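Chain naming here is simple, since letters A, B, ... match the order of the sequence lines and numbering starts at 1 in each. Here the structure is a predicted model, which means the values were calculated and not measured. Note that these values count all heavy atoms, side chains included, but never hydrogens, waters or copies made by symmetry.
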Amino acid sequence: MNTAVAHDYSGAPLGAPVYELTQVSKTYARNRVVALENVSLTLRKGSFTSVIGSSGCGKSTLLKIMAGLIPPTKGRVILQNQPVKGPRRDIGMMFQQATLFPWKTAVENIVLPIEIRDGKAAAKKAMDKAHELLEIVGLKGFENVYPNELSGGMAQRASICRMLITEPAVLLLDEPFSALDELSRDMMNMELQRICREQDATAFLVTHSIQEAVILSDDIVVMKPRPGRIAEVVSVDLPRPRTLEMMTTPKFGEIVDHIRGMLDKGEDM
Amino acid sequence: MTEYQTNAPTDAETIQDTVWEQEIAFIDSVPRWIAMTFVFVVFIGTWQLVTSFGLVSPIILPTPMETLKDMIFVGQNLATGGYMLVSLWITIQEVIYGFALAIAIGFSLGVLVGETAFGEKAVMPYLVAIDTMPKVAFAPLFVAWLGFGIESKVALAAFIATFPIVVGTAAGLHAADENARMLFKTMGASRMQTLIKMKLPTGLPQIFTGLKIGAVGVMAGAITGEFLGGGKGFGELIRVAASQLNTPRVFSLILYLSVVGLVLYLIVQWTQRRVVFWQKETVGSYDG
Ligand SMILES: Nc1ncnc2c1ncn2[C@@H]1O[C@H](COP(=O)(O)OP(=O)(O)OP(=O)(O)O)[C@@H](O)[C@H]1O
Ligand SMILES: [Mg+2]
């Protein structure tokens, strides 16, 4: 059963399709694990989609395929009308760990993607932009600080900037804030929402937190394991911009309960 | 609405501070230099006692005073550019050339083994096999191949010091975690860029650990080479002094030699602090 194919987005303004996944399957050759089976998914421009599901149901695998880090065994991945056949400049990625390099200052870390793609001179030119980005995420004054001196939350902010410096059209986020405490996490999520709106970026977030998924997303892809596939896509028609206060509304609670029910059912399978 | 009760004392009450005596281990209250001096004094004292009561023959162990006198003599010879300085300079050259050679070969092999699948699969097993051999046993071979000059000593010194550098470099190249690799992949980095901009800097701490072990080995190699292959280095002076049962001389020569080893080690450590400035001090460094 695949209910995820180009379904109707209620309420939210619709953009053109950015990402199109058709019947994507992945079997890891090494251990014959079927990590994904027939996953079809469409992300529209400016939308925010979350994936949620139990551990090992193939979320990270899906993200890696979308990012062009690993090839699918079957199926098609199209991004901005071009098939994804490897890492691309219009994709920005973020992982659970900030992974800043300790021998580079905050700004130097942020312009690293430019340095790698276009060389040192281009990286130097991008410094101004890096400063702007740092200011946006509230790290003004920390430009020339080494990562050792940044807290976990500050490091993740810096890695957001690194992701944004190449102005990617889509953001792929694999549990980016799960290493943070709950308070900073909520703040970072609101910041993420703001950045996505400002940059009109399309975001795809892997998370284990139902609350986080609901407060951020237009759509939530609920996955079930063995083999990893889509169980349901839940639309969240809370108004935008979202605020943390919305977490106390009955509507929010309803959606959370619905997803929790789905996930519990998934556990029995 | 409930009234919040605070713990603020009323005027009538006085506060009982919950401060208690914290036991501090005696050794924590002693400065390091005092503790070190203490050990030194105990050591010299025991030495003095053992020798002055004739517990061991002066040929086996000279008194501290004799040793000190000889050290002054050797020091004067070195300072005035005597024959000992010439010998020391030969040994220092062996150490420098041996270390440079070990770094060049060790680093290249380390990259080969740590970065390429071929190196890891086909070359590493041989390196491990050679590494388990007693390398000093190769000394006669080096002498046969390279003669009694400085070359055979340089070769043995380099031979001994190469392996820790290979291991350190290979381990260093494996130190980068999955996230960093994935990040570089998403940035479209080439293999060369990944190596130079990520794997090598990440592995610098391990590489320097290899260099430090190598620095110790290179000294041992040069001196062993001199023992077994003759020549005019400091090791030869030690050998001659020992054969003449001039034990105080042996002791003082060893002490001067250890200064050379220490300087080499400190140079590596100093370079490490400069280059790997982000590395936290680890256990075993001597500045707390
Ligand atoms: N490189 C790999 N080689 C072989 N099997 C893998 C590999 N990566 C993942 N798997 C397997 O594929 C399945 C899905 O893994 P994946 O990492 O995508 O799950 P996930 O949903 O991200 O889990 P989590 O929530 O714990 O991060 C798991 O059964 C895992 O064991
Ligand atoms: Mg995962």
Side-chain angles (χ1 to χ4, degrees), chain A residues 60-61 63-71 84-105 108-120 123 145-150 155-156 158-159 162-163 165-166 168 170-176 179, chain B residues 107 110-111 114-115 117 120-121 168-169 171-211 268-283 285 287-288:
Chain A
S60 297
T61 303
L63 213 72
K64 283 181 203 166
I65 290 175
M66 291 170 75
L69 288 172
I70 54 173
V84 176
K85 286 179 178 160
R88 276 168 52 167
R89 198 185 189 110
D90 48 357
I91 301 173
M93 245 192 132
M94 222 176 129
F95 309 104
Q96 191 171 353
Q97 264 77 41
T99 317
L100 300 176
F101 297 103
W103 55 86
K104 286 179 174 294
T105 62
E108 286 168 353
N109 264 290
I110 290 165
V111 298
L112 183 64
I114 307 268
E115 185 186 328
I116 295 227
R117 288 204 163 98
D118 308 323
K120 282 226 153 68
V145 159
Y146 285 94
N148 289 346
E149 295 160 50
L150 298 177
Q156 271 306 19
S159 82
R162 180 179 55 195
M163 170 177 74
I165 191 94
T166 50
V170 290
L171 310 180
L172 303 180
L173 312 154
D174 198 347
E175 307 186 45
Chain B
F107 183 74
V111 171
E115 174 68 10
E120 188 168 2
K121 269 192 192 147
T169 307
L173 292 181
H174 284 281
D177 65 7
E178 184 60 27
N179 276 311
R181 288 161 201 273
M182 226 147 53
L183 186 69
F184 262 68
K185 230 171 151 187
T186 62
M187 295 190 291
S190 69
R191 184 170 181 177
M192 203 57 171
Q193 285 177 318
T194 308
L195 179 65
I196 288 174
K197 288 183 192 289
M198 195 265 286
K199 287 187 181 178
L200 275 177
T202 305
L204 278 175
Q206 281 94 332
I207 294 175
F208 270 99
T209 303
L211 288 178
V268 177
Q269 183 162 347
W270 181 83
T271 315
Q272 177 172 19
R273 294 239 174 91
R274 285 290 128 120
V275 177
V276 201
F277 59 88
W278 61 90
Q279 190 185 9
K280 298 238 164 58
E281 290 296 335
T282 47
V283 192
S285 62
D287 48 4

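There is no contact between A:Ile114 and chain B, counting heavy-atom distances below 4.5 Å. For A:Ile91, no part lies near chain B; criterion is any non-hydrogen pair under 4.5 Å.
Not counting sequence neighbours, A:Phe95 has no partner by the ring-ring contact (aromatic ring centres under 6.0 Å, His included) test.
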message: Checking A:Leu69 against B:Met182 for the side-chain contact (heavy atoms from CB on, under 4.5 Å) test, could you report, in this order, the C-alpha distance in whole Å, the side-chain angles of both residues, the deciding distance, and whether it holds?
response: CA-CA 8 Å; A:Leu69 288 172; B:Met182 226 147 53; 3.5 Å; yes

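Within the model, atoms CE of B:Met187 and CD1 of A:Ile165 stand 12.5 Å from one another, a figure rounded to the nearest 0.5 Å.
The minimum heavy-atom distance between B:Ala180 and A:Phe101, with the atom names listed, is CB-CE2, 3.9 Å.
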Looking only at N and O atoms, which donor-acceptor pairs between chain B and chain A are within less than 3.5 angstrom?
from     : atom 1 : to       : atom 2 : distance (Å)
B:Asn179 : ND2    : A:Gln97  : OE1    : 3.0
B:Lys185 : NZ     : A:Leu69  : O      : 3.2
B:Thr186 : O      : A:Arg117 : NH2    : 3.0
B:Met187 : O      : A:Arg117 : NE     : 3.4
B:Gln193 : NE2    : A:Ile116 : O      : 2.8
B:Lys197 : NZ     : A:Glu115 : OE2    : 2.6
B:Trp278 : O      : A:Asn148 : ND2    : 3.2

